[in-house]
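In what follows, chains carry the letters A, B, and so on, assigned in the order in which the sequence lines appear, proteins first and then strands, with residues in each chain numbered from 1. Computed from a predicted structure; not experimentally measured. What you see below is based on every heavy atom in this structure, not just the backbone, and it leaves out hydrogens, waters and symmetry mates.
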Protein chains: 2
Amino acid sequence: MNDRADIQLTVDVVIFTVRAESLRVLLVRRGVPPFEGAWAIPGGFVLENEPLAEAARRELAEETGASDVYLEQLYTFGAPERDPRGRVVTVAYFALVPPDRLDIRAGSDAAEAAWFDVARVPELAFDHAEVLDAALRRLRGKVGYSEVGFELLPERFTLSELQAVFETILGRPLDKRNFRRKVKLLEVLVEHDEWERQGASRPARLYSFARDRFETLEERETLFPFW
Amino acid sequence: MNDRADIQLTVDVVIFTVRAESLRVLLVRRGVPPFEGAWAIPGGFVLENEPLAEAARRELAEETGASDVYLEQLYTFGAPERDPRGRVVTVAYFALVPPDRLDIRAGSDAAEAAWFDVARVPELAFDHAEVLDAALRRLRGKVGYSEVGFELLPERFTLSELQAVFETILGRPLDKRNFRRKVKLLEVLVEHDEWERQGASRPARLYSFARDRFETLEERETLFPFW
DNA sequence: GCAAAAGTGTTCAGCTTACACCCATGG
DNA sequence: CCATGGGTGTAAGCTGAACACTTTTGC
């Protein structure tokens, strides 16, 4: 009468960053069967007495050295046949890592890891194609009414960089003037008297993201209009 | 070196229905410790070789007799101390059951179960207050751009009934004329030559929900505007 | 002085909102 | 005939989209 399944629980973390105007995801190459040699989303088993989000942060730190970045639970995948070794249910998370938070050294000690443009991802192990797809849909769905667009940038950034992130996530160009007007209207950016110069062009003003102001915005639910 | 946690996996299902213009949730009274005598969200262990959604549907059918209703994975709760008996991670789902799909007999054989107005829910066992809160936020958040508002109604319904469901979920009144115009603009309702008469008033036309038309709408992502 | 990217307003269309009266029926 | 809920259109304000030129710098 006790047919509780003997289940192993893992967390997988879809780790995104932005580089050279492309959205990238971190994948690791599997060194052991099953799917030996295939690319996979980094993940691992949940430890005793470890909260799920903490397991995800541990995974994230092991692979990237990054901590204190945006992390969100995505979905739980539990098809019985998703892992040929047995019943393994995985709680998938996704993380947004600004380029300046990446620790180059991290992850290099363990398995091979590499960043892939999300438009050019190889075949993935397990049901990880589905996991990645869910993460991308979530990210794209939320960019319009949440902070995720801001969480991929370094501490200081230009409005053009911000716009490039939005365009990268959405996969389409945005109008520069409209974009700037709307962002400023949100009142979540702090304007600095610092300027980024790059090559032979006019320097761009640097901004930073005021996370606290965004949170008060959310409560007003101005961003969730009734259709 | 193998510190994989010995974890029990359950599914909990937040079951909503609408009755008398109030949004209700099904709760069961616990007959055994821990939290003996407290009200809880129905749930149970995942079986060997059972997909998570199937476990949720099984739970749902046991409690309500309903099948083929709207079911969506909500969130996975895994705080180590959430169940005093040990490490129990739960994958929470929520279900929307139209009143005509409820089987009165179901659930009566087992534990005591009852419907509660979501605004008048008693103290709940475990972290179920948090689970219910997440379900309500998800439901309210999605009513404006998804089909959830349509999934709580019987096969045939009037526009006033539909509006009442939206108002119940959102917790605020909507303008009748605007509501009707927008719903008709969506083109997801089938108009029938049947009329509901109730008491001393003009009969109301009956409609049904064309789920397939809604799905093609979703792909057009007209409903997900960029801010 | 020219190439390159930064920065800046206005107009128009479409959508959202607010709002009040007549209609069909049962009792 | 009256009480009850069903059903319908229009005007005003607001929001989103389209669009082009000037500025600052490095070379």
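- For D175(A), whose side chain is taken as the heavy atoms from C-beta onward, the closest listed nucleotide among dC19(D), dA18(C), dG5(D) is dC19(D).
- One finds no side-chain N or O of K176(A) lying less than 4.0 angstrom from the OP1 or OP2 phosphate oxygen of dA5(C).
- For the 3.5 Å distance criterion, the side chains of R180(B) and S160(B) qualify, holding a donor opposite an acceptor.
- Remark: the backbone N or O of V69(B) is paired with a side-chain donor or acceptor of R57(B) at under 3.5 angstrom.
- Between Y207(B) and F157(B), the distance from one ring center to the other does not fall under 6.0 angstrom.
- Not one side-chain nitrogen or oxygen of R180(A) sits closer than 4.0 Å to the OP1 or OP2 atom of dT8(C).
- If you find the closest nucleotide of DNA chain C to R181(A) and to A200(B), the one lying nearer the 5' end belongs to R181(A).
- Listed candidates were dC19(D), dA24(C), dC19(C). Nearest to the side chain of R202(B) is dA24(C).
- Salt-bridge check for E167(A) with R172(A): failed, with every basic side-chain N at 4.0 Å or more from each acidic carboxylate O.
- Rounded to a whole Å, the CD atom of E196(B) is 13 Å from the P atom of dG26(C).
- Under 4.0 angstrom from either OP1 or OP2 of dT25(D) there lies no side-chain N or O belonging to S201(A).
- Of the candidate nucleotides dA20(D), dA18(C), dG7(C), dA20(D) has the atom nearest to the side chain of R177(A).
- Under 4.0 angstrom from either OP1 or OP2 of dA6(C) there lies at least one side-chain N or O belonging to S160(A).
- Rounded to an integer number of Å, the gap from E161(B) CD to dG7(D) C1' is 15 Å.
- For K182(A) and dA17(D), the shortest distance from a side-chain N or O to OP1 or OP2 is below 4.0 Å.
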